[in-house]
Amino acid sequence: MLERRVYGAYIVLRCADPDGPRPQAGQFYMLAAGTWGGGAGERPFLPRAFSVLRAGAGHGLEFLIEDIGPGTHRLCELEPGDDLLLVGPLGVGFTAPADGRRPLLVGGGVGIAPLAIWQDELGAAPALLGFRDAPRAEGARLLADPRVSTDDGSSGHHGLVTDLLREELDNDGHATVYACGPPAMLESVRVLCEERGTPAQLALESGMACGFGACFGCVVPTRHGYVRLCVDGPVLDAAELDTALVAGAGH
Amino acid sequence: MLERRVYGAYIVLRCADPDGPRPQAGQFYMLAAGTWGGGAGERPFLPRAFSVLRAGAGHGLEFLIEDIGPGTHRLCELEPGDDLLLVGPLGVGFTAPADGRRPLLVGGGVGIAPLAIWQDELGAAPALLGFRDAPRAEGARLLADPRVSTDDGSSGHHGLVTDLLREELDNDGHATVYACGPPAMLESVRVLCEERGTPAQLALESGMACGFGACFGCVVPTRHGYVRLCVDGPVLDAAELDTALVAGAGH
Amino acid sequence: MTDLCGIELAHPIINASGTFDAIAARRVFGDALIEAFPFAAFVSKTVTLAPREGNPPPRLWETAGGLINSIGLPNKGLERYLAEDLPQLATLPVPLIVNVMGFTAEEVAELVSAFAEREEVTALELNVSCPNVETGLVMGADPNEVSALLGRVRPLTEKPLIVKLTPNATDVVAVARAAQDAGASAVSLINTIRGMALDPVSGRPWLGGRTGGVSGPAVRAVALAQVHAVAGGVDIPIVAMGGVQRGSDALDLIRAGATAVAVGTENFRDPAAGARISEELATLAANSGLSRNHTPLNC
Amino acid sequence: MTDLCGIELAHPIINASGTFDAIAARRVFGDALIEAFPFAAFVSKTVTLAPREGNPPPRLWETAGGLINSIGLPNKGLERYLAEDLPQLATLPVPLIVNVMGFTAEEVAELVSAFAEREEVTALELNVSCPNVETGLVMGADPNEVSALLGRVRPLTEKPLIVKLTPNATDVVAVARAAQDAGASAVSLINTIRGMALDPVSGRPWLGGRTGGVSGPAVRAVALAQVHAVAGGVDIPIVAMGGVQRGSDALDLIRAGATAVAVGTENFRDPAAGARISEELATLAANSGLSRNHTPLNC
Ligand SMILES: Cc1cc2nc3c(=O)[nH]c(=O)nc-3n(C[C@H](O)[C@H](O)[C@H](O)COP(=O)(O)OP(=O)(O)OC[C@H]3O[C@@H](n4cnc5c(N)ncnc54)[C@H](O)[C@@H]3O)c2cc1C
Ligand SMILES: Cc1cc2nc3c(=O)[nH]c(=O)nc-3n(C[C@H](O)[C@H](O)[C@H](O)COP(=O)(O)OP(=O)(O)OC[C@H]3O[C@@H](n4cnc5c(N)ncnc54)[C@H](O)[C@@H]3O)c2cc1C
Ligand SMILES: Cc1cc2nc3c(=O)[nH]c(=O)nc-3n(C[C@H](O)[C@H](O)[C@H](O)COP(=O)(O)O)c2cc1C
Ligand SMILES: Cc1cc2nc3c(=O)[nH]c(=O)nc-3n(C[C@H](O)[C@H](O)[C@H](O)COP(=O)(O)O)c2cc1C
Ligand code: FES
Ligand code: FES
């Protein structure tokens with residue numbers, strides 16, 4: 001672990017991965033601290049999945065973490081110099097827009113993480129970011145000129161990020177939407193895009209034990225049955241989904 | 001946790017216990033770090049027993065720790081400011097010599113800990129301390145003018161601390177021996193003293209889960225059956241023992 | 001107020017047999033601990049007819065999130081227990097549940113009759129996790145053994161009889177049902193799960209008793225599954241235990257169908273665990289709108 | 001070289017069924033992982049006659065030092081397995097052991113016959129931790145069920161048949177002995193222990209399958225006890241598994257009587273666990289003077 005930065009309610013961990021391959025936007029890593037276990041209920045035991053926030057040659061890997069339980073809590077406590085075990089990059093990331101569509105990034109809460117590296121790769125891309133409150137909205141600083149909404153109106157638009165998305169799509173529907181966030185948000189994004197025939201790539205979340213296809217624990221339902229989100233995702237084409245509401249995901 | 005000092009192969013932890021009662025020499029505490037578990041084999045889980053090394057009004061409590069497994073390892077890693085959970089003082093400590101006998105302190109390895117606080121309470125008392133090697137012999141600095149032996153001769157007398165004890169008892173047998181150390185050492189002390197009719201108080205060790213009489217796991221055999229070392233010891237009168245070799249104790 | 005087959009408990013948290021010695025605890029922590037007693041009832045360590053030294057040491061092995069013990073039920077035996085311990089335990093501010101075990105139905109009958117007469121004793125817990133020396137079968141693993149045992153001892157007392165089930169059985173629900181049908185007032189589970197450890201140096205069994213019983217958080221998920229299954233199979237109340245460390249663990253067991261929850265191994269890590277867990281549970285129960293005499297979610 | 005009922009293993013460490021997908025792992029980590037394959041044999045996830053979607057999510061719950069899973073044996077079914085997976089698995093540098101399960105003896109017979117013809121398959125592991133839909137009994141918990149099953153399928157192949165025992169049984173040794181007497185080439189244990197978790201918010205079962213199986217370090221001591229007991233009751237080789245994280249855990253199981261040791265849940269924490277553990281074991285075995293074809297300490 002090289003560096004720890006605080007963005008309101010979130011922590012950014014920067015760590016070295018000298019000989020690891022360069023990750024693609026939307027891919028993730030399984031992370032565990034050198035000292036794992038012994039937290040609430042004698043957890044965490046398994047590693048935890050985190051999207052890449054940023055990766056630069058020589059700059060190392062960055063992750064954005066929200067403390068919501070024993071695993072994220074332990075990671076948020078790490079100090080520079082502490083051990084961080086990582087496996088990755090894993091999974092399938094985002095793919096570039098087709099036939100001249102403009103990219104539209106839609107993020108909710110800690111789900112903004114994969115959108116930051118995707119914005120880096122795309123060059124400029126408008127980002128619509130929704131948060132619960134102002135402390136979380138500080139995460140918006142991680143992307144270039146975002147439009148922000150908060151549930152409590154304490155920062156930016158008072159309401160849901162999908163309000164902003166509807167606006168944008170009404171202005172110019174010739175877009176490909178890239179979204180990551182809580183299940184409820186992803187589901188409204190999916191429905192919005194489906195109504196308008198706008199292609200969307202959704203970075204989903206589900207409980208994972210291994211991250212590399214070994215346990216079959218991370219499945220999500222698609223139009224052609226269950227798929228392992230860790231190897232066939234986490235980014236899925238919205239067209240493959242009847243719903244983005246994954247049982248057990250989110251918190 | 002207030003302070004961490006290194007004595008060769010040993011660590012001294014000093015911690016605050018503002019409203020705790022003042023411990024007696026030979027008593028012990030059950031210790032656990034704030035972050036426990038997740039070490040080798042997903043341990044430690046239970047707290048660990050440690051004799052009081054020193055206790056002073058306002059000075060807090062000191063413990064002497066040798067890193068031999070997941071529990072002691074975690075404790076030896078603690079930094080000032082880290083949480084340390086303690087239960088105690090527990091058990092029965094040393095009692096003063098009777099009929100004008102002189103106290104003789106005999107310690108082996110990390111077993112010197114309870115002798116330090118006992119020497120403080122007795123005022124001057126000759127201390128014979130045996131160690132495996134020179135790095136461990138640095139622990140001798142914790143007592144006042146000790147006679148030291150090492151198994152490898154790298155410091156002080158080349159041989160066993162019981163050689164020194166035999167000498168002392170031959171010079172002046174009118175003594176009460178206070179001993180703490182590995183089972184084999186305690187057993188030779190017991191035999192030496194028994195041969196000479198010298199009273200001896202032995203601070204024994206056994207695996208403990210609770211430290212307050214709840215689990216019945218810490219028993220050692222005595223002349224009148226098994227006793228729970230945590231409540232009826234850890235200091236036992238040598239006269240009650242057929243052997244000081246406790247199954248499962250030591251390492 | 002929790003009503004456990006007629007036993008009035010100030011809250012649902014009691015201790016698991018053999019994991020808290022109120023007499024030793026008073027010596028160590030003083031009367032304060034007894035006055036603010038951490039449990040709503042006190043369950044004794046198992047009492048047998050004859051005195052027992054227990055198993056040779058070592059008796060403990062720490063495992064991942066748990067403990068293996070081979071204590072071997074050391075106790076003074078019925079006579080000295082009645083003479084020496086009962087008077088002291090009678091001074092506790094909570095109901096006393098005495099846990100007894102016999103190696104034959106007759107032994108259990110003698111124990112039950114003896115405690116039936118003592119009004120200091122509110123209820124009896126029958127530890128049936130031992131082989132019947134006459135049949136060779138572990139009483140608690142066989143429905144017929146349990147029926148036969150209760151047929152013999154149920155008539156001997158009006159006091160509640162709580163049958164403590166062993167998890168080392170193919171069909172724990174069948175055993176629980178047999179206990180209910182034979183007149184048990186309640187069942188308690190889980191006892192420890194058979195486990196073993198080897199001395200890293202010699203490679204031989206570490207424990208003096210060679211094998212032992214696993215307890216603690218490591219068994220929590222197994223306990224919850226068995227309590228949930230038994231709750232679906234019987235109508236008598238359940239005392240649930242197994243790896244309870246926090247109010248949320250107790251709430252899970254109550255939601256699965258338990259009336260009371262016992263804390264065992266966690267007492268070793270925190271002598272005040274009982275009081276802490278009952279407070280945590282009260283807070284959670286209030287928030288989760290779980291009422292005192294709730295009907296467990298029918299899941 | 002370890003000889004497991006005729007299967008030649010470069011070292012004693014293999015994977016536990018359903019905890020490593022060699023095809024997916026190659027996609028993720030590349031051919032390097034396959035060439036330096038972490039296991040001395042590859043054991044497939046359970047294959048059934050018909051395709052199975054598996055249980056609805058959520059399928060995982062993390063517990064103290066372990067994991068509860070209710071995966072529900074998703075697989076392509078025999079036909080597509082033979083057509084799509086077997087050719088790829090045949091390219092692995094280690095022997096292939098296919099794990100199969102049926103809901104009737106006839107289903108198991110069909111599976112065994114199908115794989116009997118394929119020389120890519122070195123041996124079969126029979127997962128009997130499921131109810132026989134005809135008798136309602138869990139095959140692996142009942143000695144008679146196991147005898148009947150092997151009576152039916154043993155004649156169908158010369159290949160080694162490894163019977164995978166369930167720990168959720170009163171007398172695992174009796175089941176193991178029944179398997180041996182009916183012609184099993186080896187037994188493997190332990191499978192997961194039945195466990196459960198509740199959704200902290202709703203209080204309803206967390207897992208889509210309602211209950212699941214506990215694995216990982218939390219079950220290690222239980223596995224060691226059962227392996228030790230079974231080793232005392234049968235002469236056929238034992239594949240031991242349950243919470244193995246380190247070479248020392250594998251050494252314990254070998255000392256208790258196992259010929260080979262399978263790594264399961266630890267693969268999820270460390271994709272290279274198999275290779276690491278076999279190296280640690282080799283070092284320990286050298287130091288502890290444990291010879292390759294040792295006789296387990298008679299403890
Ligand atoms: C592909 C992917 C990418 C992700 N990227 C990020 C990211 O960039 N930043 C980030 O902060 N998070 C990210 N997450 C989510 C992150 O992995 C989880 O927040 C984390 O695993 C939570 O672990 P925990 O121990 O802190 O909390 P947990 O206690 O594990 O709780 C997390 C949720 O899991 C459930 N849960 C509760 N207890 C248990 C239990 N015992 N076993 C199983 N489930 C339980 C509950 O629904 C709870 O809300 C990502 C997840 C995936 C799958
Ligand atoms: C009254 C008393 C006072 C003590 N005072 C001191 C002191 O002042 N300073 C000090 O350094 N130590 C002291 N000890 C010893 C100390 O408690 C132990 O060294 C400590 O518990 C070791 O824990 P660990 O996790 O580091 O090592 P462990 O891994 O627990 O190993 C310690 C020993 O326990 C056995 N063991 C190994 N694995 C296990 C297991 N899984 N479960 C159970 N046993 C196992 C082995 O014999 C091993 O050598 C005292 C002990 C007692 C009883
Ligand atoms: C050290 C120890 C001693 C025990 N002694 C007894 C006993 O004497 N009688 C009994 O019925 N159960 C005994 N048990 C089992 C517990 O009462 C309880 O059923 C089991 O430990 C599970 O609960 P836990 O995980 O909270 O410890 C003992 C458990 C432990 C750990
Ligand atoms: C996610 C998961 C999936 C499993 N799938 C199977 C399976 O398909 N067939 C089988 O026989 N055992 C299966 N098992 C059981 C393991 O093979 C093994 O018996 C058990 O996990 C104990 O080993 P461990 O503690 O090392 O994981 C599975 C275990 C896990 C954790
Ligand atoms: S997390 Fe194990 S298969 Fe996806
Ligand atoms: S350590 Fe529990 S009784 Fe002594």
Side-chain angles (χ1 to χ4, degrees), chain C residues 61-68 137-138 140-142 166-172 175 193-206 210-214 216-229 243 245 248 251-256 284 288 290 296-299, chain D residues 61-68 137-138 140-142 166-172 175 193-206 210-214 216-229 243 245 248 251-256 284 288 290 296-299:
Chain C
W61 181 263
E62 182 182 68
T63 180
L67 170 68
I68 320 177
L137 297 169
V138 172
D142 185 295
T166 169
N168 304 303
T170 305
D171 190 349
V172 177
V175 178
I193 302 177
R194 195 179 305 104
M196 189 176 195
L198 299 184
D199 183 328
V201 179
S202 71
R204 303 190 162 282
W206 171 263
R210 296 162 54 84
T211 64
V214 182
V219 309
R220 185 187 299 140
V222 177
L224 186 65
Q226 294 199 0
V227 167
H228 183 266
Q245 292 185 291
S248 57
L251 179 61
D252 282 349
L253 290 164
I254 290 170
R255 282 168 152 172
L284 283 170
S288 72
L290 186 84
L297 297 168
N298 213 340
C299 43
Chain D
W61 180 263
E62 181 182 70
T63 180
L67 170 68
I68 319 177
L137 297 169
V138 172
D142 184 295
T166 169
N168 304 303
T170 305
D171 189 352
V172 176
V175 178
I193 302 177
R194 195 179 306 104
M196 189 177 197
L198 299 184
D199 183 329
V201 179
S202 72
R204 302 189 164 284
W206 170 264
R210 296 162 54 83
T211 65
V214 181
V219 308
R220 186 187 298 140
V222 177
L224 185 65
Q226 294 199 0
V227 167
H228 183 266
Q245 293 184 291
S248 57
L251 179 60
D252 282 350
L253 290 164
I254 290 170
R255 282 168 152 171
L284 283 170
S288 73
L290 185 84
L297 297 167
N298 215 340
C299 43

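Chain naming here is simple, since letters A, B, ... match the order of the sequence lines and numbering starts at 1 in each.
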**Report entry** Distance, nearest 0.5 Å, that separates CH2 of D/Trp206 from CG of C/Leu224
**Finding:** 14.0 Å
Query raised in the report: C/Arg194 and D/Ala225: which non-hydrogen atoms are nearest, and at how many Å?
Result: O-CB, 4.1 Å
Query - Pairing residues for D/Ala229 by the side chain to side chain contact (heavy atoms under 4.5 Å, CB included) criterion, not counting sequence neighbours - result: D/Val173
Query - Region of D/Val222 that comes under 4.5 Å of a non-hydrogen atom in chain C - result: both
Query raised in the report: Hey, what do you get for CE (D/Met196) to CD (C/Gln226), rounding to the nearest 0.5 Å?
Result: 12.0 Å
Report task. List for me each residue that meets side chain to side chain contact (heavy atoms under 4.5 Å, CB included) alongside C/Ala64, sequence neighbours excluded, and say none if there are none. Result -> B/Glu42, D/Pro217
Report task. Tell me, out of D/Ala223, D/Pro200, D/Ser248, D/Ala169, who's got the most heavy-atom pairs with chain C below 4.5 Å. Result -> D/Ala169
Report task. Against chain D, work out which of C/Val172, C/Asp252, C/Thr211, C/Ile68 has the most heavy-atom pairs shorter than 4.5 Å and name it. Result -> C/Asp252
Query raised in the report: If you take all heavy atoms of C/Thr170 and D/Ala141, which pair is closest and at what distance?
Result: CG2-CB, 3.8 Å
Report summary line: Value for CG (C/Asn168) from CG (D/Asn168), rounded to nearest 0.5 Å, stands at 10.5 Å
Query raised in the report: Which answer fits D/Val138, side chain, backbone, both or neither, if we ask what part of it has an atom under 4.5 Å from a heavy atom of chain C?
Result: neither
**Report entry** Side chain / backbone / both / neither for D/Asp199 at chain C, heavy atoms under 4.5 Å
**Finding:** backbone
Report summary line: Shortest non-hydrogen pair, D/Ala221 vs C/Thr63, comes out as CB-OG1, 4.3 Å
